[in-house]
Amino acid sequence: MKQNKFKFQTPLGLKDILPQDQGYFEKVYSTADKYAKFYSFERIDTPILENYELFLRGTGETTEIVEKQMYLLKTRGGEYLAMRPEFTPSLARSYFEQGMISWPHPVKIYTRGPVFRHEKPQAGRYRQFHQINLEVFGSNNAITDVEIIWIFYSFLGALGIKNLVVMVNSIGNSQCRPYFKKSLTRCLKSNESHLCVDCKRRLKINPLRVLDCKEEKCQRIINQAPQILDYLCEECRRHFKNVLEYLDALEIPYNLNPYLVRGLDYYTKTVFEIAVQPEDDQAKKNALVGGGRYDDLLKLIGKRNISACGAAAGVERIINTMKEKDLKPDSWPPPKIFIAQLGDRAKIEALKLIESFKKNNIQAGFSLTKDSLANQLKIANKLRADWSIIIGEEEVVKKSVIIRNMEDGNQETVLQNTIIEKVKSLLKKEKAKKRK
């Protein structure tokens, strides 16, 4: 007989992050925090809800995100808000609103947390997912582009992810891109009948978006299209040359992808993705990080010519890659000490003792809901604790505890006010014994 589903379930495309996955998130976030702080990035957090026009203007009216994927809501006051589909426009908004423009430049900030896109749920894609962003405001130097690439490349390596490759391109700027766009449009129009429905629409409003299409029939046309590298102005050509020279000097493996444009309107010059190189060269590369330079975004949002560069890492994609490669997060070490209790007053004393252990950075196991000493000691054995501390009604009265060696069963009684030093001594001896 088929069991009825529970009435309330997570909405389509959303999921719970269960205890068995929390370790992966903690590992990814803690590693990202260490790298960001080491490279002098300061953390900020922006609201989940932002003014809809921020993304309309910043992310781009013709992007898939704005056209199809944003979660919109109208407040009772008539204000249109959007659940953030990405971080960069929010960080650019904060840069101006919070007065970062007066800080010493370049301003290096990072953030992490959930973002929301109403896209079709599929393997590895969710409507609420998590990103880690690094952004640099106020530098037009090519070394900044490479610094972002280098940090994310090293961060992924620190998680144990190997065989990484950087896919890189330059999409020029407002000076040279119009010439490329004109040539691209001619090519696409001559093949318009073979384009997918979405790309026929993109061709009319923003032909560069066609280059981002993954449809096989569109890919065949894209591979015959002109390459933007042939249209770069002197400034963009020099900038990109410097980027590649820095990547060579750092021995970061990269592939030139002349059709890489990323899916956002604000990019200029350098764009890149970092992916795991598949064993089959024909297999699709799944990007874990994507970003680039966006020198025009801050002008759109704050009407100031301020250069900027940044990137975002997809946390769920990184975790899925770790699982595929059997890269497990750090596990919490099992406790050496187990605290057992007998009686209501003993439970109170046990809680006090647990807090004392915590203050002294001594990990302890316990099970306050179990009344049977035998059951509690079974848990201690399962945890492979070396010693159990037993508190009963008699010990409460005498302000003492019993310490039992779980290996040989020997035990002794000590006063409660000496237990911390006693345990520290036992742990120190055990550590010295293992070294021998």
Side-chain angles (χ1 to χ4, degrees), residues 44 46-72 79-103 105-111 115-117 131 133-141 144-145 148 169-181 202 204-209 211-212 228 232-233 235-236 239 260-272 290-312:
I44 75 168
T46 58
I48 286 174
L49 291 173
E50 294 272 12
N51 190 296
Y52 162 67
E53 289 189 12
L54 174 67
F55 300 107
L56 184 68
R57 181 178 297 183
T59 302
E61 190 173 355
T62 63
T63 60
E64 293 284 315
I65 293 175
V66 171
E67 283 189 326
K68 299 179 179 180
Q69 297 173 355
M70 274 209 299
Y71 282 96
L72 300 176
E79 184 181 13
Y80 284 95
L81 301 179
M83 297 177 73
R84 64 184 181 213
E86 57 154 336
F87 277 112
T88 305
S90 296
L91 296 173
R93 186 266 309 150
S94 182
Y95 170 82
F96 288 109
E97 184 179 357
Q98 304 304 330
M100 296 182 210
I101 195 169
S102 65
W103 294 7
H105 279 54
V107 173
K108 300 168 74 173
I109 55 178
Y110 84 103
T111 194
V115 290
F116 306 85
R117 294 183 191 174
Q131 287 187 339
N133 273 59
L134 298 178
E135 313 289 346
V136 179
F137 299 137
S139 170
N140 61 7
N141 197 306
T144 300
D145 309 29
I148 298 286
N169 189 27
S170 175
I171 58 171
N173 60 17
S174 58
Q175 299 300 312
C176 54
R177 196 184 304 152
Y179 298 102
F180 167 69
K181 195 179 281 189
R202 291 170 183 147
K204 295 176 181 177
I205 55 178
N206 190 345
L208 282 178
R209 294 281 70 77
L211 299 180
D212 208 39
I228 194 167
L232 296 181
C233 63
E235 178 192 344
C236 292
H239 185 96
L260 178 66
V261 293
R262 303 285 300 149
L264 308 172
D265 282 354
Y266 51 65
Y267 284 116
T268 57
K269 297 180 180 175
T270 311
V271 289
F272 68 88
R293 179 161 287 281
Y294 47 93
D295 291 341
D296 294 338
L297 177 62
L298 274 70
K299 186 177 181 180
L300 284 171
I301 291 175
K303 298 182 179 179
R304 296 288 296 272
N305 284 318
I306 298 170
S307 299
C309 186

Can you tell me how far the OG atom of Ser170 sits from the CG atom of Leu232, to the nearest 0.5 Å?
4.5 Å

Any side-chain heavy atom of Tyr80 sitting closer than 4.5 Å to one from Leu72?
no

Minimum heavy-atom separation for Thr46 to Ser90, with atom names?
OG1-CB, 3.7 Å

I want to check something: taking the side chain as every heavy atom from C-beta on, are Ile44 and Ser94 in contact at a cut-off of under 4.5 Å?
yes

Least distance between heavy atoms, Arg293 atom then Ala308 atom
CG-O, 3.4 Å

Can you find a heavy atom in the side chain of Lys181 that is under 4.5 Å from one in the side chain of Asn206?
yes

Evaluate whether atom CZ of Phe96 has more than 12 neighbouring non-hydrogen atoms of other residues, nucleotides or ligands under 6.0 angstrom away.
yes

Is the shortest heavy-atom distance from the side chain of Lys108 to the side chain of Leu134 under 4.5 Å?
no

Taking everything shown except Gln98 itself, do over 12 heavy atoms lie less than 6.0 Å from its CD?
yes

Pairwise distance CZ(Phe55) to CZ(Arg84) - rounded to 0.5 angstrom:
8.0 Å

Would you give the length of the straight line joining atom CG of Asp295 to atom CD1 of Ile306, rounded to the nearest 0.5 angstrom?
11.0 Å

Note: Val261 and Arg209 closest approach over all heavy atoms is CG2-NH2, 4.0 Å

Measure the shortest side-chain to side-chain distance between Ile109 and Met100 over non-hydrogen atoms and say whether it is less than 4.5 angstrom.
yes

Could you pull out the closest heavy-atom pair between Pro47 and Arg93, with the gap in Å?
CD-NH2, 3.5 Å

Is there side-chain contact between Ile101 and Phe137, with at least one heavy-atom pair below 4.5 Å?
no

For Arg117 against Tyr71, the heavy-atom pair lying closest together
C-CE1, 3.6 Å

Report the distance from atom CG of Asn140 to atom OG1 of Thr268, rounding to the nearest 0.5 Å.
10.5 Å

What's the shortest heavy-atom distance between Ile171 and Leu260, and which atoms?
CG2-O, 3.7 Å

So, do Leu297 and Thr88 sit near enough that their side-chain heavy atoms are less than 4.5 Å apart?
yes

Between CD on residue Glu86 and CG on residue Leu91, distance to nearest 0.5 Å:
9.5 Å

Got Phe272 and Asp145 here, is their nearest side-chain heavy-atom distance under 4.5 Å?
no

Residue set satisfying side-chain contact (heavy atoms from CB on, under 4.5 Å) with Glu235, at least two apart, ordered chain then number -> Asn173, Cys233, Arg238, Lys269

Under a 3.5 Å threshold, yes or no: a donor from one side chain and an acceptor from the other, between Asn133 and Glu135?
yes

Just jot down the ring-ring contact (aromatic ring centres under 6.0 Å, His included) partners of Tyr294, sequence neighbours excluded, or say none.
Tyr266

Apply side-chain contact (heavy atoms from CB on, under 4.5 Å) to residues Thr270 and Cys309 and explain how you reach the verdict.
CA-CA 9 Å; Thr270 311; Cys309 186; over 6 Å; no

In this structure, CG of Leu56 is separated from CG of Leu300 (nearest 0.5 Å) by 11.0 Å

